[in-house]
Structures are given as C-alpha cells and as structure tokens.
Student: 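Submitted below is the structure of interest, expressed as structure tokens.
Just so you know, these numbers use all the heavy atoms, side chains as well, and skip hydrogens, waters and symmetry mates.
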Amino acid sequence: RMIDQLVINGCSYNEVWAGGQGPTELAKSLGLSSVTSIALGGSNNSRILRTTLKHSYINGAKSLYAVGLTFLNRWELPVAEPTEDRVFEGRWINPQSQQREGVRFIHGWTSEDTETFKNLQFKASAFAEHENLEELMYRCVAVASDLTRRGHKVIFWNNCEENISW
C-alpha cells in the first residue's frame with residue numbers, strides 16, 4: 001500500500017515548522033494527501049519516539065514520519081495531572097520546560113522535585129554524551145524497524161545539537 005500522509009513530530013522546531021506551509025508543500029510535492037503534526041514544544045527524544053510509535057499504531061493511514069530529534073539533555077517524567085487536552089500525551093511531561101504551560105503535577109510532585117531531578121540528570125549526563133547518543137541511535141533504529149515493518153516510512157534528523165554529527 002502506498003504512503004498516504006506526512007506526519008511531523010519533534011520539539012518546538014518542528015511545531016513551528018508544522019504551523020507554516022512547509023509541511024503542506026512537502027506533502028504536495030511527494031503526492032501525499034494530508035499532513036498531521038504531533039510535534040510539541042519542549043519535547044525530549046523519548047517523547048518524540050514514543051509518540052511517533054503511538055501515533056503509528058492508532059493511525060489508519062500508511063505514513064511518512066518526519067521526526068526531528070531534539071537536545072540530548074532533555075528528559076520526561078509521568079508526573080502531569082491528566083486533562084482532556086492531554087489525552088494523547090497522558091501523564092508524561094518534560095518538567096524542565098513544559099511546566100510553564102500551566103500543567104499541574106500529581107503525586108505530590110513539587111518544583112523542588114523538578115530542580116532535584118534536573119540537577120541529578122545533568123550531573124549524570126555531564127560526561128556521557130557518547131553514551132546518550134549511542135542509546136538514542138539504537139532507539140531510532142528500533143523505531144525505524146518497527147515502522148517500516150508495518151508499511152510506514154520514517155526520516156530522522158538532528159534539529160538541535162550542532163556539535164553532534166550523526
């Protein structure tokens with residue numbers, strides 16, 4: 001079966017791009033019937049990969065997934081209060097950047113917890129760029145394998161990390 005639609009995913013770089021005419025023009029030039037964006041500002045790579053797969057399993061159309069990867073030092077936790085407008089995201093949130101959007105925390109999570117989490121993550125990652133990049137590359141390979149096995153296509157690119165060459 002042929003690819004029917006273009007699906008954009010990533011952080012704010014892709015969210016802004018998806019809000020313009022770029023994706024529509026790209027889909028048109030590729031002969032695709034529609035464009036969908038699941039990009040979300042402040043996203044981390046775990047969220048980007050997870051929601052790409054999640055979308056592919058609930059989406060009925062064979063799709064080309066255009067996935068812009070973001071900064072290695074962004075993380076997420078399942079600590080957001082569920083709301084009607086966050087059904088697709090669930091409890092997952094990047095407490096580094098998405099808390100400013102008025103998301104409320106659950107389970108007694110506090111701003112102090114966010115600071116502790118960030119400090120520990122940055123400390124653990126300070127000298128682990130190679131390991132973090134290697135782990136991300138293997139997850140991308142797994143996502144690509146799953147998507148293509150089920151008839152989708154995918155393209156990944158580095159949106160944010162200027163010092164990393166893939």
Side-chain angles (χ1 to χ4, degrees), residues 1-80 82-83 85-98 101 103 121 124-125 128-166:
R1 182 172 165 198
M2 299 292 293
I3 300 297
D4 298 320
Q5 70 174 337
L6 174 64
V7 179
I8 309 298
N9 202 358
C11 65
S12 60
Y13 288 81
N14 287 70
E15 186 178 39
V16 170
W17 181 64
Q21 291 302 310
T24 303
E25 292 300 316
L26 177 59
K28 184 178 171 182
S29 70
L30 295 172
L32 304 178
S33 60
S34 64
V35 177
T36 300
S37 175
I38 56 174
L40 179 65
S43 291
N44 65 336
N45 290 317
S46 292
R47 183 250 168 220
I48 293 166
L49 296 176
R50 184 185 66 257
T51 57
T52 296
L53 282 175
K54 182 176 182 177
H55 184 274
S56 75
Y57 278 99
I58 61 176
N59 175 26
K62 298 296 181 202
S63 301
L64 167 59
Y65 285 90
V67 179
L69 299 171
T70 192
F71 299 100
L72 285 174
N73 287 328
R74 281 189 177 173
W75 308 282
E76 66 179 346
L77 292 167
V79 297
T83 59
D85 64 331
R86 292 187 52 81
V87 171
F88 186 72
E89 299 297 327
R91 297 179 188 265
W92 289 101
I93 189 169
N94 174 348
Q96 294 164 269
S97 62
Q98 292 171 341
E101 298 171 10
V103 174
Q121 286 290 76
S125 297
E129 185 176 85
H130 173 82
E131 290 78 8
N132 289 334
L133 181 60
E134 181 180 50
E135 191 267 342
L136 175 60
M137 289 188 320
Y138 282 118
R139 286 192 304 156
C140 288
V141 167
V143 169
S145 176
D146 181 78
L147 289 170
T148 56
R149 181 185 57 78
R150 293 181 296 113
H152 299 289
K153 303 285 184 196
V154 63
I155 182 170
F156 296 103
W157 69 90
N158 173 12
N159 256 342
C160 301
E161 300 280 7
E162 294 179 18
N163 297 326
I164 294 177
S165 59
W166 300 76

Student: For Leu6 and Leu26, work out which heavy atoms get closest and say how close.
Tutor: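 Looks like CD2-CD2, 3.9 Å.
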
Student: Under the 3.5 angstrom rule, does the side chain of Ser63 hit a backbone N or O of Tyr65 as a donor-acceptor pair?
Tutor: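 Pair absent, no side-chain N/O of Ser63 close to backbone of Tyr65.
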
Student: Can you tell me which residue pairs pass the salt bridge (Lys or Arg N to Asp or Glu O under 4.0 Å) test with a partner in residues 136-147, sequence neighbours excluded?
Tutor: Glu135-Arg139, Asp146-Arg149, Asp146-Arg150

Student: For Tyr138, I'd like to know if atom OH has over 12 heavy atoms of other residues, nucleotides or ligands within 6.0 Å.
Tutor: no

Student: May I ask you to test the Leu40-Asn94 pair for a side-chain heavy-atom distance under 4.5 Å?
Tutor: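 No. Closest side-chain heavy atoms not under 4.5 Å.
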
Student: Given side chains that start at C-beta, do those of Ser46 and Trp92 come closer than 4.5 Å, heavy atoms only?
Tutor: no

Student: By the salt bridge (Lys or Arg N to Asp or Glu O under 4.0 Å) test, which pairs, at least two apart or in different chains, include something from residues 69-80?
Tutor: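 Qualifying pairs: Arg50-Glu76.
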
Student: Can you tell me which residue pairs pass the salt bridge (Lys or Arg N to Asp or Glu O under 4.0 Å) test with a partner in residues 23-37, sequence neighbours excluded?
Tutor: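 Listed by first then second residue: nothing to list.
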
Student: Step by step, work out the side chain to side chain contact (heavy atoms under 4.5 Å, CB included) result for Ser125 and Asn132.
Tutor: CA-CA 8 Å; Ser125 297; Asn132 289 334; 3.5 Å; yes

Student: State the CD-CD1 distance between Glu15 and Ile8, to the nearest 0.5 angstrom.
Tutor: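 Spacing of CD (Glu15) from CD1 (Ile8) equals 12.0 Å.
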
Student: Under 4.5 Å between any side-chain heavy atoms of Asn45 and Thr70, yes or no?
Tutor: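 With C-beta onward as the side chain, the pair touches.
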
Student: Show your working on side chain to side chain contact (heavy atoms under 4.5 Å, CB included) between Val7 and His55 and close with a plain yes or no.
Tutor: CA-CA 9 Å; Val7 179; His55 184 274; 3.7 Å; yes

Student: Checking Thr24 now: which residues fulfil side-chain contact (heavy atoms from CB on, under 4.5 Å) with it, not counting sequence neighbours?
Tutor: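 If we apply the side-chain contact (heavy atoms from CB on, under 4.5 Å) test to Thr24, skipping adjacent residues, the hits are Gln21.
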
Student: With sequence neighbours excluded, what pairs up with Thr148 under the side-chain contact (heavy atoms from CB on, under 4.5 Å) test?
Tutor: none

Student: Please give me the minimum heavy-atom distance between Ala144 and Phe156, naming the atom from each residue.
Tutor: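 In this case the closest contact between Ala144 and Phe156 is CB-CE1, 4.0 Å.
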
Student: Are the side chain of Asn14 and the backbone N or O of Val16 linked by a donor-acceptor pair below 3.5 Å?
Tutor: no

Student: Please report the shortest heavy-atom distance between Gly151 and Lys62, naming the atom on each side.
Tutor: O-CD, 3.8 Å

Student: Might you work through the side chain to side chain contact (heavy atoms under 4.5 Å, CB included) test for Asp4 and Ser34, ending with a clear yes or no?
Tutor: CA-CA 7 Å; Asp4 298 320; Ser34 64; over 6 Å; no

Student: Mind checking the OG1-CG spacing from Thr36 to Asn59? Nearest 0.5 Å is all I need.
Tutor: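 If I round to the nearest 0.5 Å, the distance is 7.0 Å.
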
Student: Working to the nearest 0.5 Å, report the span between CG of Asn44 and CG of Leu69.
Tutor: 11.0 Å

Student: Start with the C-alpha gap between Leu147 and Thr52, add the side-chain angles, then the distance that decides, and say whether side chain to side chain contact (heavy atoms under 4.5 Å, CB included) holds.
Tutor: CA-CA 9 Å; Leu147 289 170; Thr52 296; 4.0 Å; yes

Student: Is there a donor-acceptor pair closer than 3.5 Å between any side-chain N or O of Ser145 and the backbone N or O of Ala142?
Tutor: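 Not confirmed, Ser145 side chain does not pair with Ala142 backbone.
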
Student: Would you check if Ile38 and Lys54 make a side-chain contact, meaning some heavy-atom pair closer than 4.5 Å?
Tutor: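 Not in contact.
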
Student: Side chains of Cys160 and Cys11: does their closest heavy-atom pair fall under 4.5 Å?
Tutor: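 Answer yes - side chains close enough.
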
Student: CD1 of Ile155 to NZ of Lys153: how many Å apart, nearest 0.5 Å?
Tutor: 12.5 Å

Student: Is it the case that the side chain of Asn9 and the backbone of Ile48 share a donor-acceptor pair, with hydrogens and angles ignored and the cut-off at 3.5 Å?
Tutor: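 Yes, because the side chain of Asn9 sits within donor-acceptor range (under 3.5 Å) of the backbone of Ile48.
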
Student: Please list all pairs passing the salt bridge (Lys or Arg N to Asp or Glu O under 4.0 Å) test where one or both residues lie in residues 87-97, with sequence neighbours left out.
Tutor: Arg47-Glu89

